Amino acid sequence: MVKIKAEYIWLDGNKTPQLRSKTKILDKPVERLADVPVWGFDGSSTNQAEGHSSDCVLRPVRFYKDPVRGGDSILVLNEVELPNGKMHSSNNRAFLRELVEKYGDKGFKFGIEQEYTLFKGEVPLAWAELGGEPKPQGPYYCGVGADKIFGRKLVEKHIDACLETDLLFDGVNWEVMPGQSEYQIGPGDPLKVADDLIIARYLMARIGEDYGITVSLAAKPMKGDWNGAGAHTNFSTKEMMKSSKAFEEVLEKLKEHHKEHIAVYGDGIELRLTGKHETCPYTEFRCGVSDRGASIRIPWKVDLEGKGYLEDRRPCANIEPYVVLSKLIKTISE
Ligand code: ADP
Ligand code: MN
Ligand code: MN
Ligand code: MN
């Protein structure tokens with residue numbers, strides 16, 4: 001029987017968690033999650049343990065076809081556990097799992113717009129390719145042409161990779177800052193969408209290696225008159241899809257808990273949510289129809305029908321999706 005490569009992926013213990021992964025060789029192709037063995041790593045190298053008791057456990061929770069390696073190779077998403085089987089403090093997925101069990105009957109659906117900025121070494125890709133500062137923002141959003149688009153080959157490869165594996169992959173568009181782009185994951189159940197986002201991020205970073213391009217999720221990668229990068233989080237419940245009353249209630253709760261949300265919506269949020277560059281200042285809460293300067297945007301079609309989904313524009317590109325979805329579910333449900 002031919003052996004296969006399984007890439008075990010997890011989030012590390014940094015304040016803004018980073019992706020980590022290592023390869024395990026398995027004796028045969030995997031058919032179900034139970035075929036994927038539990039594994040481990042050195043937590044003292046990932047901010048997840050002290051050197052004197054460094055073992056952390058990787059508990060497989062979902063696996064995907066690996067579109068980079070191909071064949072029967074797989075990507076394995078993991079929760080991190082302590083050797084005694086208890087939850088590791090960095091495991092925010094476990095919280096989301098609990099909330100989904102508790103409030104699953106509300107029928108939450110999410111869709112995340114992942115923005116990011118391509119870099120060559122320490123310099124944004126557009127700056128590197130032009131050998132200096134690009135012309136001001138304006139022509140780049142959904143643009144076409146070598147003077148407007150930087151890194152298209154990587155983005156196209158990433159689309160193909162995401163389609164080849166089983167991701168809820170919605171679409172892609174080039175962004176306002178040159179060399180900045182976005183893909184959308186969703187709409188789907190909270191755990192599936194958050195898991196798929198982690199895998200999509202992994203694939204982008206991994207394929208970027210082949211082009212010598214790095215993917216920055218920084219909230220405000222370039223100071224000055226350049227857009228920051230967000231992770232607009234779209235959400236709905238069964239009720240919101242049916243009635244406008246549910247809508248009003250949700251908006252009221254979001255307003256009430258604004259500060260708590262800002263606190264977990266990503267590092268550098270105060271640099272990004274300034275009130276300029278299609279944002280609402282982080283110190284304010286505002287919702288509006290089609291308003292890209294709002295904290296919460298009500299899509300025009302949703303306003304017309306008086307029901308549907310809302311867009312939370314506050315989360316930054318570098319969010320931990322498990323934390324943000326947990327926060328939204330808690331605020332709306334409790
Ligand atoms: P924008 O106009 O803000 O750029 P996008 O088209 O980039 O919007 O993203 C819209 C997002 O909304 C997608 O991620 C999609 O999955 C999500 N979405 C669509 N319908 C729903 C729904 N009923 N509930 C939650 N999310 C939804
Ligand atoms: Mn979008
Ligand atoms: Mn966008
Ligand atoms: Mn958006």
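Bear in mind the structure is a predicted one, so any value in this text is a computation, not a measurement. Both ligands and their constituent atoms are indexed starting at 1 by order of listing.
Taking a cut-off of under 4.0 Å to the non-hydrogen atoms of M241, the atoms of ligand 1 that pass are 23 (N). Numbered from 1 in the order shown, with element, the atoms of ligand 1 that lie under 4.0 Å from a heavy atom of G186 read 16 (O). Under a 4.0 Å criterion applied to the non-hydrogen atoms of E182, ligand 1 contributes the atoms 7 (O). Listed by number with element, the atoms of ligand 1 under 4.0 angstrom from any heavy atom of R292 are 2 (O), 3 (O).
Across the listed options T237, D170, L310, V172, D170 owns the non-hydrogen atom lying nearest to atom 14 (O) of ligand 1. For atom 11 (C) of ligand 1, the choice among N234, V193, L168 with the nearest heavy atom turns out to be N234.
The proximity of K109 to ligand 1, defined as any non-hydrogen pair under 4.0 Å, involves the side chain as well as the backbone. Contact annotation: for I112 versus ligand 1, heavy atoms closer than 4.0 Å belong to the backbone alone.
Taking the six-membered ring where tryptophan is involved, the planes of H158 and Y183 are tilted, since the angle between them lies from 30° to 60°. Under the 30°/60° scheme for interplanar angles, the aromatic rings of H258 and F285 are found to stand perpendicular. F108 and F110 have parallel rings, their planes meeting at less than 30° on a 0 to 90° scale where 60° marks the start of perpendicular.
With no hydrogens or angles considered, no side-chain donor-acceptor pair links Q184 and N234 at under 3.5 Å. Side-chain polar atoms of D195 and Y64 form no donor-acceptor pair below 3.5 angstrom. The closest side-chain donor-acceptor pair between S44 and D42 falls under 3.5 angstrom. Side chain to side chain, E311 and H232 meet the donor-acceptor criterion of an N or O pair below 3.5 Å.
Cluster annotation: M222 and L271 are assigned to distinct hydrophobic clusters (Ile/Leu/Val/Met/Phe/Trp/Tyr, side-chain heavy-atom contacts under 4.5 Å, transitive).
The closest protein non-hydrogen atom to atom 24 (N) of ligand 1 is S236 OG, 2.8 Å. Distance from atom 21 (C) of ligand 1 to its nearest protein heavy atom, with residue and atom name: Y309 CD2, 3.6 Å. Nearest to atom 18 (N) of ligand 1 among the protein's heavy atoms is P187 CB, 4.0 Å.
Between L251 and I298 the shortest side-chain heavy-atom distance falls below 4.5 Å.
Judged by distance alone, the side chain of K22 and the main-chain N or O of G40 form a donor-acceptor pair under 3.5 Å.
Here the two rings, on W226 and W127, have centers that are under 6.0 Å apart.
Taking only nitrogen or oxygen atoms, main chain and side chain alike, Q184 reaches within less than 3.5 Å of ligand 1. In terms of polar-atom proximity, defined here as any N/O pair under 3.5 Å, E113 does make such a contact with ligand 1.
In this structure, K86 does not pair ionically with E81, as no charged nitrogen and carboxylate oxygen lie closer than 4.0 Å.
Residue-level check: among N/O/S atoms of E311, OE2 sits closest to the Mn ion (ligand 4).
Here the closest heavy-atom approach between residue I149 and residue V144 is recorded as CG1-CA, 4.0 Å.
Taking a 4.0 Å cut-off on heavy atoms, R297 registers as neighbouring ligand 1.
Screening the protein for N, O or S atoms under 2.8 Å from the Mn ion (ligand 3) yields 3; no waters enter the count.
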